[in-house]
Amino acid sequence: MWSILKAVRENPEILYESQRRRGFSVEIVDRAIELDRKWREKLREVNQLRKRRNELARKVKDAKGEERGKIIQEAKAVSEEVKKAEEELKKLEAGLEEVLLSIPNIIHETVPVGKDDAENVPVKYWGKAKVYFEDVDSFVEMTGGMAEYEVTDVKPVGHADAVEIFGWADLERAAKVAGARFYYLLNDLVWLDFALTMYALDYLKKAGFTVVNPPYMMRREAYSGVTAFSDFEEVIYKIEDEDLYLIATSEHPLAAMHMNEVLEERELPLLYAGVSPCFRKEAGAHGKDTKGIFRVHQFNKVEQFVFCLPEESWDWHERLLENAEKLWQGLGIPYRIVNICTGDLGIVAAKKYDLEAWMPAQGKYREMVSCSNCTDWQSYRLNIRFAEERGKPSKGFVHTLNSTAIATTRAITAIIENFQQEDGRVEIPKVLRKYLEPIESAPKDFITPTKTQ
RNA sequence: GCCGGGGUUGCAGAGAGGUACUGCGCCAGCCUUGAGAGCUGGUGCCCGUAAGGGCUCCUGGGUUCAAAUCCCAGCCCCGGCGCCA
């Protein structure tokens with residue numbers, strides 16, 4: 001059974017606790033309990049009426065003459081009653097469904113309580129951060145002295161300025177053509193973008209993932225199964241006059257891939273590495289990161305996605321994070337892992353880690369990877385269950401997890417700030433070079449400033 | 001986009017107004033030293049402690065006492081034509 005419905009019926013205290021820790025009202029839980037009770041009551045009533053209707057309908061077949069007319073009269077009346085009762089049931093069901101689906105995922109016990117991203121808890125630091133001498137105090141304070149660092153006396157050019165000054169992207173013309181938060185990526189960064197994608201896909205394929213290039217648009221029905229309703233307004237683009245939405249991440253078509261399926265236990269876990277462009281309205285981000293290619297309406301991303309047995313999902317959560325870490329360690333970019341607190345978690349995930357890269361020019365850690373265990377929150381909506389074998393009764397809903405591997409534009413900003421030389425050249429991480437090697441005109445060691453035109 | 005054929009339970013196929021059938025697969029029991037064969041019952045979802053009942057023939061509406069079956073709309077698959085990187 002779906003964990004939220006199970007909790008509503010058998011152990012509401014779990015839901016109260018989860019809601020309290022999120023800082024949300026528990027009133028919705030009480031409403032769910034009440035509606036569920038009413039719905040079951042009404043269902044009983046409806047089934048009784050249906051039974052009576054079926055009995056009468058069966059009688060009509062064999063009845064003759066006057067008797068027949070009488071039975072049909074009665075059956076008509078009962079049929080009307082059934083219709084009425086079914087309508088009431090439908091209303092209750094819709095109400096119950098609406099309430100149940102608006103209950104956020106049940107929070108895992110290891111999620112820290114906090115009101116916003118300032119209260120996320122760093123759990124790990126990796127790499128030696130390059131810290132500009134003026135930022136050292138704040139760095140030490142921010143990291144609680146847990147992170148290694150080296151002091152630099154030159155501050156690199158920030159990624160947003162660098163891409164324009166050094167001629168790696170044209171944001172002005174993109175704004176003219178498509179608006180703010182779009183970009184023309186030019187020359188070396190195009191190759192770098194491809195190399196990052198290839199690097200991540202190659203790694204994940206070797207780790208046992210199936211590489212997938214999914215549809216970039218989805219129907220509403222599938223989409224509503226993978227995300228919160230509010231996202232439709234804030235992040236997702238709709239195609240005019242079509243029942244189609246541009247994907248905000250390949251997580252979404254990957255999650256929906258197996259909707260209305262019963263998966264066999266022995267084929268689990270299913271591991272997918274999705275690669276696709278991502279389209280986001282960023283409607284809720286006014287004024288944030290308006291410059292450069294850090295926060296944009298369109299970017300490329302390699303994503304990890306897992307369908308697994310419920311008892312294995314917490315293990316997979318750690319393993320997805322480990323994959324992401326290995327990829328970023330390979331790039332040589334210092335980062336930290338934060339355990340996202342209740343206030344910053346969102347309603348889909350039961351627990352989430354972010355990997356935040358150190359950005360020397362900004363003197364801050366910035367989000368590069370999000371790694372979530374969605375337990376059965378998505379799989380219930382998408383109706384993805386598992387059974388011992390095809391044809392056998394299902395045992396329950398699978399768990400789904402997703403984690404960024406590499407989002408290319410963000411990775412590029414981190415590379416620009418971490419590996420910038422004094423002359424503006426940017427050293428290319430060694431792990432990417434073999435993916436650039438086959439392309440004769442691609443840069444191999446450094447990305448070089450070139451002011452085009 | 002147009003014209004035709006189709007979508008039935010894990011799979012294959014029947015059923016063309018009277019409440020889902022046959023075969024295969026799977027599970028349980030009987031039989032057997034054991035396995036197999038054979039026989040019997042079962043096989044999805046929901047409510048119910050249970051007894052039991054309801055729902056389900058791609059989806060949503062409609063007609064009817066009664067819809068897999070008739071009507072309307074949509075989705076998907078196959079074939080043909082058109083268009084097309």
Side-chain angles (χ1 to χ4, degrees), chain A residues 1-11 32-101 213-225 238-245 253 256-268 270 277 307 376 379-398:
Chain A
M1 199 188 334
W2 181 35
S3 56
I4 287 182
L5 186 60
K6 192 176 161 74
V8 163
R9 290 195 183 156
E10 295 171 16
N11 194 356
I33 293 169
E34 177 64 8
L35 276 168
D36 181 53
R37 194 184 55 74
K38 278 190 182 158
W39 174 78
R40 285 191 283 175
E41 219 165 74
K42 180 58 83 177
L43 180 64
R44 251 183 150 144
E45 186 189 321
V46 168
N47 279 346
Q48 229 127 73
L49 283 167
R50 281 168 171 166
K51 184 186 175 191
R52 176 110 186 90
R53 178 197 60 191
N54 292 347
E55 281 166 356
L56 286 168
R58 251 181 297 247
K59 266 202 219 163
V60 171
K61 193 173 115 178
D62 303 316
K64 297 266 179 328
E66 209 178 304
E67 179 71 11
R68 188 183 158 90
K70 266 171 80 181
I71 297 173
I72 288 184
Q73 279 311 305
E74 198 187 342
K76 239 182 196 164
V78 174
S79 199
E80 277 308 307
E81 267 186 86
V82 169
K83 235 179 212 168
K84 250 195 221 150
E86 276 180 343
E87 263 165 48
E88 286 166 27
L89 181 70
K90 234 182 183 172
K91 259 187 215 156
L92 279 172
E93 208 166 77
L96 174 63
E97 184 83 346
E98 196 191 322
V99 170
L100 285 176
L101 291 182
N213 189 200
Y216 300 164
M217 299 179 208
M218 295 167 63
R219 293 217 184 103
R220 172 128 202 163
E221 190 208 351
Y223 225 129
S224 57
K238 184 179 193 322
I239 304 292
E240 201 177 5
D241 297 328
E242 304 274 350
D243 177 26
L244 286 172
Y245 297 80
M257 194 171 170
H258 291 290
M259 75 177 185
N260 297 325
E261 289 184 26
V262 179
L263 304 171
E264 294 193 24
E265 270 181 15
R266 61 182 163 82
E267 66 187 347
L268 295 172
L270 289 170
F307 298 90
D376 61 1
S379 58
Y380 171 75
R381 278 145 220 262
L382 292 166
N383 188 27
I384 306 173
R385 290 164 299 162
F386 66 96
E388 205 177 307
E389 255 179 81
R390 216 169 292 285
K392 291 204 174 165
S394 76
K395 289 187 174 174
F397 294 96
V398 299

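Every chain is numbered from 1 and lettered A, B, ... according to where its sequence line falls, protein lines coming before strand lines.
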Report each atom pair, protein N/O against N/O of nucleotides 72-76 of chain B, whose distance is under 3.5 angstrom.
| from | atom 1 | to | atom 2 | distance (Å) |
| --- | --- | --- | --- | --- |
| B/rC75 | O3' | A/R219 | NH2 | 2.5 |
| B/rC76 | OP1 | A/R219 | NH2 | 2.8 |

Considering only nitrogen or oxygen atoms on both sides, find all protein atoms under 3.5 Å from nucleotides 45-52 of chain B and state each distance.
| from | atom 1 | to | atom 2 | distance (Å) |
| --- | --- | --- | --- | --- |
| B/rC47 | OP1 | A/R9 | NH1 | 2.5 |
| B/rC47 | OP1 | A/R9 | NH2 | 2.9 |
| B/rG48 | OP1 | A/R40 | NH1 | 2.5 |

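As the counterpart of B/rA73, B/rU59 is assigned, both hydrogen-bonding distances of the Watson-Crick or G-U wobble pattern falling under 3.5 Å. A 3.5 Å limit on both hydrogen-bonding distances identifies B/rC3 as the Watson-Crick or G-U partner of B/rG79. Across all strands shown, B/rG13 pairs with B/rC21; the Watson-Crick or G-U wobble distances both stay below 3.5 Å. With both pairing distances under 3.5 Å, B/rU40 is matched to B/rA28 as a Watson-Crick or G-U wobble pair. Pair assignment for B/rU49: none, as no Watson-Crick or G-U wobble contacts are both less than 3.5 Å. Nucleotide B/rU64 forms no Watson-Crick or G-U wobble pair with any nucleotide shown, as no partner meets the under 3.5 Å limit on both distances.
On the C1' atoms, B/rU64 is 29 Å away from B/rU22, given to the nearest whole Å. With C1' as the reference atom, B/rC57 and B/rG7 are 10 Å apart, rounded to whole Å. For the C1' atom pair drawn from B/rC27 and B/rG44, the interatomic distance equals 15 Å after rounding to whole Å. For the C1' atoms, the distance from B/rG13 to B/rA50 is 38 Å, rounded to whole Å. Remark: the separation of the P atoms in B/rG60 and B/rA67 is 15 Å, to the nearest Å. Rounded to the nearest Å, the gap between the P atom of B/rA14 and that of B/rG23 is 16 Å. Comparing the P positions of B/rC47 and B/rA35 gives an interatomic distance of 38 Å, to the nearest angstrom. The P atoms of B/rU8 and B/rC70 are separated by 16 Å, rounded to the nearest whole Å.
Residues A/K38 and A/E88 have side chains not in contact (no heavy-atom distance under 4.5 Å, counting atoms from C-beta outward). No side-chain heavy atom of A/F386 sits less than 4.5 Å from a side-chain heavy atom of A/V262. Contact annotation: the side chain of A/L92 never approaches that of A/L43 to less than 4.5 Å [non-hydrogen atoms, C-beta and beyond]. The side-chain heavy atoms of A/M217 and A/E242, taken from C-beta on, include no pair separated by under 4.5 Å.
Interatomic distance, CD1 of A/I4 versus CZ of A/R9, reported as 13.5 Å (0.5 Å rounding). Between the OG atom of A/S3 and the CE atom of A/M1 there is a distance of 10.0 Å, given to the nearest 0.5 Å.
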Inset, instruction - For salt bridge (Lys or Arg N to Asp or Glu O under 4.0 Å), just list the numbers for A/E264 and A/R266, CA-CA rounded to whole Å, side-chain angles, deciding distance to a tenth of an Å, and then say yes or no. - result: CA-CA 5 Å; A/E264 294 193 24; A/R266 61 182 163 82; 2.8 Å; yes
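Under the 90° criterion around 0 for the glycosidic angle, B/rA16 counts as syn.
Applying the ring pair (Phe, Tyr, Trp, His ring centres under 6.0 Å) test to A/Y380 and every residue at least two apart in sequence or in another chain returns A/W2, A/F397. With sequence neighbours excluded, the residues forming a salt bridge (Lys or Arg N to Asp or Glu O under 4.0 Å) with A/E45 are A/K42, listed by chain and number.
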Inset, instruction - Give the B/S/- string for nucleotides 56-68 of chain B, one per nucleotide from 5' to 3', where a protein heavy atom under 4.0 Å of the base yields B, of only the sugar-phosphate yields S, and otherwise -. - result: -----S-S-BS--
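A/D243 places a side-chain N or O within 3.5 Å of a backbone atom of A/R220 that can act as its donor or acceptor partner.
A donor and an acceptor atom, one from each side chain of A/N47 and A/R50, are located under 3.5 Å apart.
Per the geometry, CG belonging to A/L89 stands 12 Å off P belonging to B/rC55, to the nearest Å. Atom P of nucleotide B/rG44 and atom CZ of A/F386 are separated by 15 Å, given to the nearest angstrom.
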Which atom pairs, one a donor and one an acceptor, fall under 3.5 Å between side chains of residues 55-81 of chain A and the rest of the protein, sequence neighbours left out?
| from | atom 1 | to | atom 2 | distance (Å) |
| --- | --- | --- | --- | --- |
| A/R68 | NH1 | A/V60 | O | 3.0 |
| A/E74 | OE2 | A/R52 | NH2 | 2.3 |

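The minimum heavy-atom distance linking A/F307 with A/H258 is given by the pair CE1-CD2, 3.6 Å.
Summary of the strand contacts: A/E86 and A/R390 both lie near RNA chain B, and taking for each the nucleotide with the nearest heavy atom, the more 5' one is attributed to A/R390.
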